[in-house]
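For reference, the structure is listed below as structure tokens.
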Amino acid sequence: RGDELLNKSADPLTRSFFLSSGSDIRGFTPFRFSVEPVDTLAVRGLPAVLNCLAASDAPVRVEWKKDGTFLNLVADDRKQQLADGSLLISAVVHSKHNKPDEGVYQCVATIDNLGTISSRTARLTVAGLPRFLSQPEGVSVCSGGTEMLSCEVTEELVPFTRWERDGRPVELDGRVIQLPSGALVISNGSQSDAGLYRCTIDALGPAKTTDEAELQVSADSGVEEKLETLQGPVAVAKVFGESVLLPCVMKGYPLPVIRWTFNDRPIDESRERFAVIGGGSLQIINLTEEDAGIYVCQANSGNMTSEIQAELTVHVPPRFLTRPSNTYAQESMDIIFECDVTGSLPLTVKWMKDGDTVIPSDYFRMKQHNLQVLGLVKSDEGFYQCLAENDAGNVQASAQLIILDLASSPSERNDPTPSAPRDVVASLVSTRFIKLTWRLPAEPHGENITYSVFYSLEGTNRERVENTSGPGEMLVTIQNLVPDTKYTFRVVASNANGPGESSTPLTVATQLEVQVPGPAPNLQVVSVSTASVTLSWERPMTGNAEIQTYRLFYSEKGRDSEQDMDVTGLSYTMTGLKRFTEYSFRVVAYNKHGPGISTEDVVVRTLSDVPSAPPQNLTLEVLNSTSIMVRWQTPPAGTLNGELTGYKLRYRKGLRRADAMEISTTQLFQLIEGLEKGKMYTVRVSASTVNGSGPTTEWIAAETFENDLDESQVPGVPSSLHVRPLVNRIVVSWTPPENQDVLVRGYKIGYGIGSPHAHTVTLDYKQRFYSIDNLDPSSHYVITLKAFNNMGEGIPIYNSATTRPQSGTTRKHTECMILFNNPYTPAPDPTPMLPPVGVQATVLSHDTVKVSWADNSLAKNQKITDSRYYTIRWKTNIPANTKYKTANTTTLFHTVTALKPNTLYEFSVMVTKSRRSSTHIYHSAPKDVTVISKEGNPRIININWQPPTEANGKITGYIIYYSTDVNAEVHDWVVEPVVGNRLTHQIQGLTLDTAYYFKIQARNSKGMGPMSDAAQFHTPKGKSLTSVFVFRKRAACKSSTGSHKYKSSSKDLKPPDLWIHHERLELKPMDKSPEPNPVMTETPIPRTTQDPAAEPSHQRRGHEVEESVSTLAGRRGVRPKMMMPLDSQPPQRKFTEFLQKKKQSKQPHNALHSKRSILIYKFLHFFLCMCVESVRNQAPAPEPLVAPSQPCTTAELQKTEALIKEEEPPSMNPLTAHVRPTHPLKSFAVPTVTVSAHNQPTYETALPSTPLLAQPGLFPVPGVKIASIGTLNRARALMAVTVPSAPDQSETSTMLDTVSTYETDELSEEMAHLEGLMKDLNAITTD
């Protein structure tokens, strides 16, 4: 024993003690339980015994606890302790409201003056009153069949039930069994089984029986009976080492054949522990942990099948891997009692000393399952017990601690020991450690002096000891101290003769620390399900402030990102995790000073589950008339939810839901043999883990051949061989031999320059084309093709081709030449077809969707002139559903019917032409569309979005659609393009207090993707201002591709047309603006679109800018703009009202007005021409431009002045008719002057003009329209304006060639002329 202690400790005091004390040491006392109480089921009114026997050499005193409290056996005459220590209850008392004997019992044994140990706990349960929940009923069974008689009682009464037939006990065997529910099962019935049966409850007082039920046995009628489940397996939990009976009772005719599988593998019934009894029930004895899993009962009866599965859980009681051991120690030492336990989780471990629970403290610490005792004192001596408990039971193990007394030990040596060390000081004091130094004792009495430092908390007698690391070292650092706490230190020197005198005690206080919490001890993480874990921890032992919260950090293994959540208690159950996935957890405690020290990471894996998706790409290949090869791929990644154990394949003849056969395999293929000729077979496959089988694939059908193909001869020659040479490759295609009755297993292609034997390629029998790559340009290749089977190779077919020369012309240039020479016939390309673009799905009804698309490989008119067809593929977005449905069409749209209502579907389209096909491309819209109003200007919004999930290439731009009517047609929405990959855009000039809807569409090099869902935004309200007339200048071009309304920056401007929409000019009310110079805006969205001819010009596709047209208006604080009307409704203020006001005011129409009108017209005309020229000088847009319709030179301006004549006399009748525009493009408002009706001038125009559509007789001048103009605070007279018709596209193209641009000098001259016009205009207006 002394050697044992010496091996455990390097303490010089202990070592010198054993050297001086010899072997006179008190030994350990044997003390243990040889018999411990177990769980007991008692019967009311009958006696019950709980056994207990403690073994020891010393006298033992035994006591009993019930529910943690010692029993007073003296005061209870029904309970007495037997001589061996067992507890006897003479008559168990139990009623509905009084249950004094039911509970948890524990035996406690004590040796006086030595210590106490406690047994494991045992639960006493009292059975209820004997009664039956139902009565058995008479049944009839055919000879050889199976039948069941029920006996329904409560669970605790089942052990007391038995069956009688005709008054005699029924003998149970492998044919007649009693189920865990108490029911009686009779299999392979015969006439000897007929009789009257009843169920009896015994051993609970007077026997209680059910009514008698007759069992009749009839002859085999041969009539098919439906398969019926009388009793199937249910989920059950058992304890390690027990037995279990999983019922599977089936009846029917033909007699069902029952098989069992465990985790998708057939059970070997020849194993000793497994047996099928009672016609189909599975019995397992001596359960082990490996028996836990999914058990499936499969019954087959003719054309009928049935499957029932149940889970068996095996709880393993706690078991010690390492028990605590008896230990010698000395005062002030630190010791550890080890205790390593295994068993089913959750598992709890606690420590007891002499029958009392050990509470963790500064000196008693729990580390894992071990107990650490620091700074031993004499009172720590005794018996320590480790108790482990889980749902399956509890165990205990004990160890004795003996504290050796150095002072009372004899010493046979009188040699001197060292005196006390001198000058003990604390050279360094911190919050958690203190460094001590000292000097050599005055009388060391020898060499190799070692030192021991004893220290304790002030006011306690529990000392701890710290030894120096080597002889002669005179300093030590004491770690793990408590901040702001006083400690007492003393130092003892030792030599070969033993320890010497102690130094004078030194008291030192550690420094105050703003202390954050330490790590939370005993962090445990347990998986409780496939998607949840339970965490538990204890309060940190350090930290000088109250814990405010615990922060739980967790992350999926293999990922850097870590998530966290706050928890207030000492445990938490986390849900929503992934199945069969490893997670890392740690806990950090927080107090008022901040976060504490984190715990170590604990890694745990969630429980496995059945696969959540079926295998992929299930295919059937008919090999011959009696066999089919089935192939598949594993389920998608992340859906296995456990370790893959295999696959289950089920197949059946025909399309009926019965007569299915099952095959288990671990491969990705299975050959099904022995099939019938010319029959349809359906197959499905499911994947399995240890938890069971996952979802199955859809049934896939294949029909075996009527007759086997002939393989007694080689295949014939392929019926055709076509070659298409390119620069570096040749595309080969062929058709199979004409004789389809001979089996072809594959094809061989030979090729080479001048000879086909240089290279050989072997291909599958299903292949019909091949691309021979890496060839030399301008080379003549000979190609041969032959079919083969097991008999040999067939007759070859030959062809030859010369690869194209390596031309210096680039591919792009060649493609451009082909495009212009034959723009509507795309050049053939042996590469896969380009996929369709712009796939859109429109919901027509609750179960119908229309899918449309575009094909970039077609001509511009999208007309299909060849044999191509399109394949539409769709499925729901449910993860478990991987089955696609398809349809073919030869048009650019398809209507899909019979869909599930309220279900999200994914659609894709593939194009096939000849033997070439494109890939299925999914298109997705931009996502996360958000609209935010600009701060300080409610008329401006910022729209943000994220790129599509499926970009299918580089995004080259976006199209923004917005409208005030979410139900409007797409071509009626205002459109703004965004170039590049920007994800934000600003839209200006919106109307206040209006609801707008926004959609975004992405584009790449192949075309446009689908639109996003509409995002709604309501602009805030504003305040109105005085009505002001505003001009808006527009630069527009006619679109040849659609009628969308485009807005863009100035770099995309198109030259404006100058055809005037007369009735579009009206006074507009302005809203207040916080800016000092308010900017007049307009609503960019029309309120109606009833009359296409009357659409506002801003609805048509084009681009627009706004700018000031009057410096005088700028001086007055208003920036007037050219503005087209917002509505297609007639103006609220008719021009006749202005004319009437003009007549009432009797304002003279003198030459001043005419001069002012001329200048205004010259200014505006010149300004618009400058705009046209500036735009014309920019980079051309992709759409055709529109030439200006008015002259833009000084000479032409002078010519235009001749159009202005005398003013209209006051007696002239005002024009009341509204004139509709004759051109669909945007127009500009031009100020008017009066025209005399008596002197009708003649007009000359540079372009063809449109006749006036007005009231007859008012103005008989041909080619002239009347424009009524309103200006600021004044009413102007009418003016005759020439309105030329818009040229068509061909005319526009011709005109573009004749348009010249301004040179630098000419532009400067025109700008000077404009400045002079502005001065004259200001002077006239001021007058």
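Counting from 1, the numbers follow the sequence of the chain as shown. Excluded from the calculations below are hydrogen atoms, water molecules and symmetry mates; all remaining heavy atoms, backbone and side chain alike, are included.
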Item to check | Over all atoms of both residues, closest heavy-atom pair of Tyr884 and Arg873 | outcome: CD2-CG, 3.2 Å

Item to check | Backbone N/O of Lys648 and side chain of Ser664: donor-acceptor pair under 3.5 Å | outcome: no

Next on the checklist: Between the side chains of Arg259 and Glu662, is the shortest nitrogen-to-carboxylate-oxygen separation below 4.0 Å, so that they form an ion pair?
Outcome noted: no

Checklist entry - Which atom names give the shortest non-hydrogen contact between Glu676 and Thr704, and what distance separates them? => result O-OG1, 2.7 Å

Next on the checklist: Pair Tyr554, Leu535 - check side chain to side chain contact (heavy atoms under 4.5 Å, CB included), show working.
Outcome noted: CA-CA 11 Å; Tyr554 66 99; Leu535 301 95; over 6 Å; no

Next on the checklist: For Thr573 and Thr534, which I'm curious about, is there any donor-acceptor pair between the side chains at under 3.5 Å?
Outcome noted: yes

Item to check | Check: Trp260 side chain, Ser281 main-chain N or O, donor-acceptor pair, under 3.5 Å | outcome: no

Next on the checklist: Between Lys238 and Asp291, does any NZ, NE, NH1 or NH2 come within less than 4.0 Å of an OD or OE carboxylate oxygen?
Outcome noted: no

Checklist entry - Can Ser608 and Asn641 be counted as having a side-chain donor-acceptor contact under 3.5 angstrom? => result no

Checklist outcome for this item: Interatomic distance, CZ@Phe262 vs CG@Asp268, rounded to 0.5 Å, equals 13.5 Å

Item to check | Glu621/Arg631 ion pair, N-O < 4.0 Å | outcome: yes

Checklist entry - Side chains of Thr639 and Ser612: donor-acceptor distance under 3.5 Å anywhere? => result no

Item to check | Arg745 NZ/CZ over Phe788 ring centroid, <6.0 Å and within 45° of normal | outcome: no

